[in-house]
Amino acid sequence: MESIREHLADAPENLKTDELLINMGPQHPSTHGVLRVIIKTDGEIVKEAIPEVGYLHRCFEKHSENVDYMGVEPYVDRLDYLASMNNAMGWAIAVEKMLGAEVPRRAEYIRVIVSELQRIGSHLMAYGTYGLDMGAFTAFMYGFRDREMILDIFESLSGARLLYNYMWIGGVARDITPDQVQKIKDFVAYFKPKIDEYNDLVTYNKIFIERTKNIGILDLETCFSYGLTGVMLRGAGFKWDLRKDLPYSIYPEVDFEVPVASGEMGTLGDCWDRHIVRMHEMKQSLRIIEQLIDGIPTGPYRGKVGKVVKPPVGEHFSRTECPRGELAFYIVSDGSGKPYRVRCKSPCFLNISTLDEITRGVMVADLVATIGSLDIVLGEVDR
Amino acid sequence: MTFLEYMEILRDAAVSTAKGMLITLKVFLRVNTSGAITIQYPENRDAIPLGSRGLLFNDVEDCISCKQCAVACPVDCIYIEADKKDPGATADFTKGGVKKTLDLKKFDIDISLCCYCGLCSAACPTDCLYHTKEYEYSVFDRNKHVMDYLNYKR
């Protein structure tokens with residue numbers, strides 16, 4: 001008895017406070033893939049969080065130098081595997097500009113419809129997994145349920161469920177049938193009221209708001225210094241969308257808004273702001289699909305591109321707006337059938353780079369919330 | 001934070017959570033009346049749409065050994081060997097009426113390397129190489145994934 005008292009009396013001196021190094025991941029469900037975050041913690045407070053990437057490195061850039069331009073298409077699909085269509089569109093546009101090839105109007109319409117559907121699918125995944133990170137399992141299931149419908153449309157359209165290889169250089173791989181057009185219309189009609197439902201379920205839930213507001217604040221200066229684009233930038237209150245500001249394909253002809261966060265629930269640029277931008281973007285994507293789906297022009301679905309794609313000597317840089325930001329391809333051609341050099345600038349890599357800066361001094365649980373709101377896909381971070 | 005503010009947060013949490021629970025309740029009732037969306041896989045299967053990209057199949061009768069599929073393949077998993085036909089041999093035609101000038105000796109595809117991109121079947125001039133709807137072909141030996149289409153048994 002006495003010894004316990006003795007022990008208790010000098011407890012404060014024995015209790016040592018020291019920094020603890022924790023490895024979060026690479027096998028951790030809330031890191032959204034094989035991401036390892038080395039966290040230096042002081043109690044519950046994160047002092048430093050350094051993301052370790054590279055577990056999924058597949059040498060995309062080097063590999064592209066050894067296959068022909070069409071052969072890169074399946075690899076491009078595997079960059080951001082949740083938004084394969086958008087990636088492939090970026091690659092196709094880059095090579096078409098090098099070739100000077102013309103894309104038929106029908107192909108452009110199909111491309112934009114499909115890539116907007118993919119954007120919804122990708123944001124649904126982001127919404128679902130973010131709910132999962134915050135402890136809302138239902139949101140995850142609902143997100144997957146609706147994403148499944150998009151995948152079904154894509155499966156009938158392209159033949160695959162995840163890695164489509166659908167946007168080919170010069171157009172699309174297969175034509176769209178009236179049956180599939182009807183399927184897309186049905187989906188739009190079904191999904192339109194669902195977004196508000198999801199907002200009620202998760203976005204405006206008080207527990208969710210309390211967990212995500214005032215956390216992971218990205219100010220504009222950080223955004224610009226890291227070169228962030230897409231949802232990160234719009235979540236910080238800066239109106240920048242390539243579809244509007246540097247339009248490609250038939251985006252100038254469609255009417256849509258660029259949603260920007262306003263710091264509704266807390267500070268501008270926090271996790272909740274990024275979440276709400278995604279929810280609004282889904283609505284805008286639906287708007288774009290609605291405008292285009294009825295007026296798909298007749299004609300060929302693939303332009304005249306030779307069997308062997310041989311762009312002239314030169315270099316080209318092109319960027320497109322993907323669900324996670326701007327995906328850019330820089331291609332150098334030496335006139336042969338294979339690219340001389342390919343550089344891929346992925347938005348996810350930049351997004352995850354900011355992690356250390358925006359999570360210093362937060363709780364460990366808030367770190368999970370921040371990683372979720374960055375919405376990274378490790379396939380694109382590592383390439 | 002005052003006590004009143006704290007109670008307000010509690011109230012908001014209860015109200016917004018109840019709102020969410022109402023949505024899940026609606027779904028719960030609908031599932032009970034019209035059935036679940038989930039498909040119990042091994043027993044029930046979803047219909048596979050036309051043109052879906054499953055296991056590759058080559059109809060060697062129609063193959064003219066042009067090797068365009070092997071060139072188009074980004075992972076180089078198609079192995080073709082062909083010899084020139086004997087000049088004395090009888091002329092051989094595909095179903096489409098294309099004359100075969102080469103004698104196909106080997107047409108193997110390593111399915112374990114295949115990435116199902118569909119570039120080979122798109123390049124095929126006689127449409128003899130195509131994707132089937134088959135998607136269940138697990139084997140215990142990796143070598144069995146090398147499909148020999150000249151002696152194809154399944």
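Numbers restart at 1 for each chain; the letters A, B, ... are given by sequence-line order, proteins then strands. The analysis underlying the following values was restricted to heavy atoms, covering all of them including side chains, and did not include hydrogens, waters or symmetry mates.
- The aromatic rings of B:Phe57 and B:Tyr149 sit perpendicular, their planes meeting at an angle over 60°, well past the 30° parallel limit.
- Using a 4.5 Å cut-off between heavy atoms, B:Ile9 contacts chain A through both its backbone and its side chain.
- Listed for the A:Glu210 side chain is no donor-acceptor partner under 3.5 Å among the backbone atoms of A:Ile207.
- Using a distance-only test at 3.5 Å, with no hydrogens or angles considered, no donor-acceptor pair links the side chain of B:Asp59 to the main chain of B:Cys128.
- Taking a cutoff of 4.0 Å between a charged side-chain nitrogen and a carboxylate oxygen, A:Arg383 and A:Glu61 qualify as a salt bridge.
- When heavy atoms are compared at a cutoff of 4.5 Å, A:Thr138 approaches chain B solely by way of its side chain, counted from C-beta outward.
- Within the 4.5 Å cutoff, no side-chain heavy atoms of A:Tyr204 are placed close to those of A:Tyr198.
- Within residues 67-92 of chain A, the residues having any heavy atom less than 4.5 Å from a heavy atom of chain B are, in residue-number order, A:Val67, A:Asp68, A:Met70, A:Gly71, A:Pro74, A:Tyr75, A:Arg78.
- Note: A:Tyr130 and A:Phe208 meet the aromatic proximity criterion, with ring centroids under 6.0 Å apart.
- Interface check for chain B: of the options A:Gly159, A:Ala160, A:Ala173, the most heavy-atom pairs under 4.5 Å are formed by A:Gly159.
- Of the possible polar contacts, none joining the B:Arg53 side chain to the B:Lys133 backbone as a donor-acceptor pair under 3.5 Å is found.
- Taking the six-membered ring where tryptophan is involved, the planes of A:Phe140 and A:Phe144 are tilted, since the angle between them lies from 30° to 60°.
- The part of B:Ala123 that comes within reach of chain A is its backbone (N, CA, C, O), which places non-hydrogen atoms under 4.5 angstrom from that chain.
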